[in-house]
Amino acid sequence: MKKKTYLILLLFVITTLAGCSGFTQKENHVGEKAGEAKKESVAKTENTVVWAVREDARIPKRNIQKTNQLLVKKGYDIAIKVKKLEVDRNYEKQEIYHDALEKAVKEKVVDVAYVDACYDTALGEMAQYLQSGLFYPLNKWLHSTEGKAVYKLYDKEVWKGSSVSGKNYVFPNEIYYDVPQAVIAFRKDHVSQKLVKSWDGSWSDMLRIMDKIKLGKDDMMVAGYPQTDYFEGWIKKRKYMIDDDIVYDIQNQTVHQPFELEEFYKYLSFLHECYQKGYVTHGMDNGITTQDEVRHQERGEYAIAWQVDRRINPSDHFLVRNPVCVRGILGEGTAVSAYSDKKEKALELMKILRTDDEIANTLIWGEQDAKKLLDEDGYVKDSVKRVSDRSAFGLNDGIFQQKEEGITPVKDMRKYRNKWIHYSQRTTSRMLGFWPDYSSFYEELTEYQKVLKESVDCFQEDDFEKAYQEAAERVAKAWKPVGKKVQKQITEWKR
């Protein structure tokens, strides 16, 4: 009996000790996990990159949380936090956001910043703002071992076009740095391919094409409106580019106003003929479309489209493209604060988001799994609503695409970029990286722009030659103080 009691007591003690041992091990394990979690939390706090964006940017908190979780899961010792800054939602007072950003940068509150768009009311301001000392020059990093992975993502001309005085302060916004390539569309049921191929690209020859087209009773000859940018016609190598209503000779590095160029006179002469015949009803750069015009376009009751939008089905048209030409873009970019103590982490984050598509998709869509995101056609489902503002982060090339308002984007943007980078009909601008400083003659610039806008519709007058001459004289007078100062800046920039 004593022996049996002893054995029971012994078993009880052993079981208790075993239980205590198990409890102790479990407690230690929980303690270790808590310690790791605490350590991980501290690491995130120390290496959290604060990103400044407009206060009206749509960025779901869940997307940020999931992105940070994925960063940790992939072994990155880094996290993202968003700070929204005051803006003028009407895009009229650029200084509201820029002043708030300057304050946040100098107080070391932010590490990375969306620099905002270039406002029409603040021409030339962005270049001065970027080189004010607030932002870290990226050139050295872009050519380092780490930075080369980002540098090679974009064409060299894109980097040159987003530089100021030879320095790059912003990462290009992948939505807006696209090459603007003008396209004229000829409807296949109105114009034969043989006739389209016979066009030499000049506006005078376009009249020959138009005269051979037979229109139906309700057909328009032209869908769309004339644009000042089109004045050169569809030539093999571009010579001119227009910014802020100033015409740049991108080969000879000179500036002009449109009315002093023979090509512009020929363009307005062509528009005059079209206006007289009823082929063109819009004024220059007047894109306001009537409901009647929209209905004509939707029904395909036109022969030629001067702008290709979502109402244009490419398969119904012969498309004639203008040569590719990269133009400089400073707005909408992402910059690293020169005052930040986390520059290395900020640059690391820029590399991650532009080279790790799973993380980029998580930030934008809140998900990186294609099976959960995509429809059978390979585009993001319409039901996906947790969408971050792509523009705020400058991301587009590596993420999944979604159809919007009837527009079908290219699925593989990187493949698309590579295609136009190697496009044979390409013009290289010798003006990339030049940004005029209008601060000393801003009033003269805006006066010139006002006079030019009032003058370009002279093609609608019955006596075109007289109207053109009078317009040319008015514009030349307003242009004189502007042209001299911009040309002087170009000469200094070339040195």
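Each residue takes its place number in the sequence, starting with 1.
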What pair of heavy atoms forms the shortest contact from [X] to [Y], and how long is it?
X	Y	value
Ile329	Trp435	N-CH2, 3.8 Å
Tyr169	Ala335	O-CB, 3.3 Å
Ala52	Tyr97	O-OH, 3.6 Å
Val115	Met126	O-CE, 3.5 Å
Met431	Asp249	CG-O, 4.2 Å
Ile64	Leu363	CD1-CD1, 3.7 Å

Going through the checks in order, is the side-chain contact (heavy atoms from CB on, under 4.5 Å) test met by Tyr129 and Glu102?
CA-CA 9 Å; Tyr129 187 70; Glu102 179 179 354; 4.2 Å; yes
Tell me whether [X] is salt-bridged to [Y], with the criterion being a basic N under 4.0 Å from an acidic carboxylate O.
X	Y	result
Asp377	Lys403	yes
Glu358	Lys74	yes
Asp243	Arg327	yes

[X] versus [Y]: any side-chain heavy-atom pair under 4.5 Å?
X	Y	answer
Arg354	Leu395	yes
Ser165	Gln131	yes
Tyr379	Gln402	no
Leu373	Lys381	no
Phe441	Val486	yes
Tyr267	Met284	yes
Cys325	Ile250	yes
Lys61	Val82	no

Trp159 and Tyr151: aromatic ring centres closer than 6.0 Å?
yes
Taking the six-membered ring for Trp, are Tyr339 and Tyr136 ring centroids under 6.0 Å apart?
no
Counting distance only, does the side-chain N/O of [X] pair as donor-acceptor with the main-chain N or O of [Y] below 3.5 Å?
X	Y	value
Asp244	Ile246	no
Glu92	Asp120	no
Asp412	Lys415	yes
Gln401	Asn396	yes
Glu107	Val109	no
Lys343	Ser340	yes
Lys342	Thr48	yes
Gln128	Ser439	no
Trp51	Val110	no
Asn361	Gln368	no

Any chance you could lay out the salt bridge (charged side-chain N to carboxylate O under 4.0 Å, His left out) test for Lys345 and Glu348, step after step, and finish with the verdict?
CA-CA 5 Å; Lys345 284 294 175 184; Glu348 181 186 356; 3.3 Å; yes
Could you tell me if [Y] and [X] have a donor-acceptor pair between their side chains, going purely by distance under 3.5 Å?
X	Y	result
Tyr248	Gln253	no
Tyr119	Asp116	yes
His282	Gln227	no
Glu157	Thr428	yes
Asp389	Ser391	no
Thr254	Asn252	no
Thr228	Asp285	yes
Tyr154	Glu174	yes
Ser337	Asp111	no

Interatomic distance, [X] atom [atom1] to [Y] atom [atom2] [nearest 0.5 angstrom]:
X	Y	atom1	atom2	answer
Ile78	Leu349	CD1	CG	4.5 Å
Leu261	Tyr240	CG	OH	4.5 Å
Leu347	Leu142	CG	CG	8.5 Å
Thr121	Leu123	OG1	CG	7.5 Å

Applying the side-chain hydrogen bond (donor to acceptor under 3.5 Å, both in side chains) test to Ser388, which of Asn63, Thr362, Thr67 qualifies?
Asn63
Is there a side-chain hydrogen bond (donor to acceptor under 3.5 Å, both in side chains) between Tyr438 and Glu125 once you walk through the steps?
CA-CA 8 Å; Tyr438 301 131; Glu125 189 268 356; over 6 Å; no
Taking only residues two or more places apart in sequence, or in another chain, which ones meet Asp245 in a side-chain contact (heavy atoms from CB on, under 4.5 Å)?
Tyr448, Gln449, Leu452
side-chain contact (heavy atoms from CB on, under 4.5 Å) between Phe434 and Gln489, worked out
CA-CA 9 Å; Phe434 171 75; Gln489 290 183 14; 4.0 Å; yes
Test side-chain contact (heavy atoms from CB on, under 4.5 Å) applied to Val105 and Leu101, step by step
CA-CA 6 Å; Val105 165; Leu101 179 55; 3.9 Å; yes
With Asp155 as reference, evaluate Lys160, Arg426, Arg414 under the salt bridge (Lys or Arg N to Asp or Glu O under 4.0 Å) test and give the passing residue.
Arg426
Report the C-alpha separation of Val50 and Val112 in whole Å, then their side-chain angles, then the decisive distance to 0.1 Å, and conclude whether the side-chain contact (heavy atoms from CB on, under 4.5 Å) test is met.
CA-CA 6 Å; Val50 181; Val112 173; over 6 Å; no
Run the salt bridge (charged side-chain N to carboxylate O under 4.0 Å, His left out) check on Lys480 and Glu444 step by step: do they pass?
CA-CA 9 Å; Lys480 192 174 181 180; Glu444 289 96 329; over 6 Å; no
Show your reasoning for whether salt bridge (charged side-chain N to carboxylate O under 4.0 Å, His left out) applies to Glu232 and Lys239.
CA-CA 8 Å; Glu232 264 192 289; Lys239 185 179 179 181; over 6 Å; no
Taking the six-membered ring of Phe393, is NZ or CZ of Arg54 closer than 6.0 Å to its centre and within 45° of its axis?
no
